[in-house]
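The structure appears right after this line, and notes come after that.
Note: hydrogens, waters and symmetry copies are ignored here, and every other heavy atom, side chains too, is used. This structure is a prediction, so every number in the text was calculated from the model and none was measured. Both ligands and their constituent atoms are indexed starting at 1 by order of listing.
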Amino acid sequence: MFGGFVKDMGLDLGTANTLVYVKGQGIVVREPSVVAMEVGTEEIKAVGNQAKAMIGRTPGNIVAIRPMKDGVIADYNTTAAMIEYFLKQASDQHIILPRKPNVMVCVPSGVTAVEKRAVEQATVRAGAKDAYTIEEPLAAAIGAGLPVWDATGSMVVDIGGGTTEVAVISLGGIVTCHSLRVAGDKMDDAIIQYIRRKHNLLIGERTAETLKLEIGSAIPDDQGGDSREIKGRDLITGLPRMIEITTSEIAEALNETVMAIIDSVKQTLEQTPPELSADILDRGIMLTGGGALLRNLNVRLSEETHMECHVAENALDCVAVGTGSALEQIGLFKPTSAIDRFRRKRFF
Ligand SMILES: Nc1ncnc2c1ncn2[C@@H]1O[C@H](COP(=O)(O)OP(=O)(O)OP(=O)(O)O)[C@@H](O)[C@H]1O
């Protein structure tokens, strides 16, 4: 393999988190996709965990931004700088790189050719020798251990920060899929809006996400369920205020988002060829991505589709692991597969 030195990498360039998978070593970097930058000079002050801690707390001259939005690049230069930082971190910590690595990056299945090209170019600009792309649901299915290469239908629902990807896969290819720009971030927004409407309280993104992680659920609890005290700014007095929020309230806030995901699964099932539907009925639906960890989401989806729904064991890692595994098996991919090779034109 490339003189025995170069380690190829799989990059799960997510809206919420970026993971780097190094061939033979597994996941070596796992950090939030956040960059803190100085206004005016655009000098990067921090990336990843350090930058995330700054969200909502930065002084006026520093902004913490998420350069990926809805699964695609919203800010090209910052994304390239962020990828460069993560690839460098992976190589500094774990490997010797006498030559540039080949990098396989995942992209949502619904991206345009321009959006895909931007990801490839940003990866090359960040230091990759060659960039390859793989569609996210295929990577998620490989990472979740589904038999994607067999002549049998597998269904995967990957719920990330920016996108939800629903796909039926057979013989290494995507047969039907839906990509929905509704996922974890929209859930956080829904919680912010709900608390604003119902309690006249303004809370930040991080508080909303914490509520979702700690007491969120896709099914309301008749008894109210768990509760948490949260602090925010009163919209009437402008003063800080504390209130108590229950699981049932969060479930109510998330209902619309959860229904959008369920509808997308139903639509995909409606468009699935009957033989493959039968396979899915036998094996069930596999949920991956951080959003799949929302409490009772699998139960709710199961009730709505009358099928078994399983949450992958390593839900947050599936796409990165699948992306890395795909790179290891690149020889197995046919030209019609979901992987496209991008030959770099010299940039600089
Ligand atoms: N236990 C949990 N319950 C609910 N949501 C969770 C949980 N853990 C993580 N999440 C959410 O999962 C999302 C991140 O998931 P993931 O890392 O798979 O996304 P991503 O790959 O960065 O995004 P995308 O695939 O859309 O680009 C965040 O919105 C996060 O809040």
Side-chain angles (χ1 to χ4, degrees), residues 10-21 27 29-34 48-49 52 55 66-74 79 82-83 86 105-111 115-116 119 133-141 143-144 156-167 178-192 204-219 226 228 247 250-251 253-254 257-258 261 264 286-301 311-323:
L11 182 65
D12 172 6
L13 184 59
T15 308
N17 301 299
T18 296
L19 278 69
V20 182
Y21 177 101
I27 293 168
V29 175
R30 179 199 305 270
E31 295 212 31
S33 310
V34 183
N49 285 321
K52 185 171 184 183
I55 287 187
R66 291 172 53 177
M68 302 289 294
K69 195 168 181 352
D70 298 336
V72 297
I73 294 181
T79 303
M82 182 175 81
I83 299 175
F86 290 134
V105 199
C106 61
V107 288
S109 57
V111 295
E115 288 168 334
K116 189 163 111 181
V119 169
T133 58
I134 178 169
E135 287 181 89
E136 223 165 312
L138 182 57
V156 66
V157 181
D158 179 56
I159 308 166
T163 56
T164 294
E165 310 269 325
V166 185
H178 274 104
S179 180
L180 193 68
R181 294 192 175 188
V182 169
D185 290 348
K186 287 275 172 10
M187 293 184 192
D188 301 345
D189 282 350
I191 293 172
I192 293 174
E205 272 174 43
R206 295 193 62 188
T207 306
E209 188 184 21
T210 307
L211 279 174
K212 177 183 70 176
L213 303 188
E214 291 183 357
I215 60 163
S217 172
I219 299 179
D226 293 343
R228 284 287 178 285
T247 291
I250 300 297
L254 297 181
T257 323
V258 168
I261 294 171
S264 176
M286 181 65 81
L287 304 184
T288 65
L293 299 173
L294 177 69
R295 216 183 327 160
N296 291 324
L297 185 61
N298 59 332
V299 178
R300 176 97 186 261
L301 191 58
V311 179
E313 217 171 275
N314 52 347
L316 276 158
D317 297 352
C318 287
V319 172
V321 170
T323 304

*Quick one: look up the protein heavy atom nearest atom 1 (N) of ligand 1 and list residue, atom name and how far away it is.*
Leu293 CB, 3.4 Å
_Which of the ligand 1 atoms, numbered from 1, are nearer than 4.0 Å to a heavy atom of Gly184_ = 29 (O)
*Which part of Leu316 is near ligand 1, with near meaning a heavy atom under 4.0 Å away: side chain, backbone, both or neither?*
side chain
*Determine the minimum heavy-atom distance between Arg300 and Ala218, stating which atoms define it.*
NH1-O, 2.9 Å
*For ligand 1, is there an N or O atom under 3.5 Å from any N or O atom of Gly161?*
yes
*Can you check whether Gly162 has an N/O within less than 3.5 Å of an N/O in ligand 1?*
yes
*Could you tell me whether Lys212 and ligand 1 have an N or O pair separated by under 3.5 Å?*
yes
_Over all atoms of both residues, closest heavy-atom pair of Leu19 and Ala320_ = CB-CB, 3.6 Å
*Would you name the heavy atoms of Lys69 and Thr15 that are closest together and state the gap between them?*
CA-CG2, 4.1 Å
*Do any N/O atoms on Asp188 end up under 3.5 angstrom from N/O atoms on ligand 1?*
no
*Between the main-chain N or O of Ile215 and the side-chain N or O of Thr247, is there a donor-acceptor pair closer than 3.5 Å?*
yes
*Side chain to side chain, Leu294 and Ile159, heavy atoms closer than 4.5 Å*: no
*What protein heavy atom sits nearest atom 21 (O) of ligand 1, and how far off is it?*
Gly14 CA, 3.7 Å
*Heavy-atom contacts with Leu294 under 4.0 Å: which atoms of ligand 1 show up? List them by number with element.*
3 (N), 4 (C)
*Mind checking whether Gly291 has an N or O less than 3.5 Å away from an N or O of ligand 1?*
yes
*Closest heavy-atom pair and its distance - Val182, Lys186*: CA-CG, 3.9 Å
*For atom 16 (P) of ligand 1, what is the nearest protein heavy atom, given as residue, atom name and distance?*
Gly290 N, 3.8 Å
_Among Arg295, Glu214, Lys69, Glu209, closest by any non-hydrogen atom to atom 31 (O) of ligand 1_ = Glu209
*Protein contact to atom 7 (C) of ligand 1 [nearest heavy atom, distance to 0.1 Å]*: Leu213 CD2, 3.1 Å
*Would a distance-only check, ignoring hydrogens and angles, find a side-chain to backbone donor-acceptor pair under 3.5 Å from Glu165 to Pro108?*
no
*For the pair Thr257 and Met187, evaluate side-chain contact (heavy atoms from CB on, under 4.5 Å) and give the outcome as yes or no after the intermediate values.*
CA-CA 6 Å; Thr257 323; Met187 293 184 192; 3.8 Å; yes
*Should you measure from each heavy atom of Thr163, which atoms of ligand 1 turn up under 4.0 Å away?*
26 (O)
*atom 27 (O) of ligand 1: the protein heavy-atom neighbour that sits closest, reported with distance to 0.1 Å*: Thr15 N, 2.7 Å
*asked:* Using the rule given for side-chain hydrogen bond (donor to acceptor under 3.5 Å, both in side chains), can you reason through Asp12 versus Thr323, listing the C-alpha separation, both sets of side-chain angles and the distance that settles it, and then say yes or no?
replied: CA-CA 7 Å; Asp12 172 6; Thr323 304; over 6 Å; no
*Of all the heavy-atom pairs spanning Ala144 and Ala312, show the shortest one and how long it is.*
CB-CB, 4.2 Å
_Heavy atom of Glu136, distance to ligand 1 below 4.0 Å_ = yes
*Heavy atom of the protein closest to atom 17 (O) of ligand 1 (residue, atom name, distance)*: Asn17 ND2, 2.8 Å
*If you count the atoms of ligand 1 from 1 in the order shown, which ones are under 4.0 Å from a heavy atom of Ala16?*
14 (C), 20 (P), 22 (O), 23 (O)
*Scan Asn314, Asp158, Asp317 and name whichever one has a side-chain hydrogen bond (donor to acceptor under 3.5 Å, both in side chains) with Thr288.*
Asp158
*Under 3.5 Å: N/O of Gly289 near N/O of ligand 1*: no
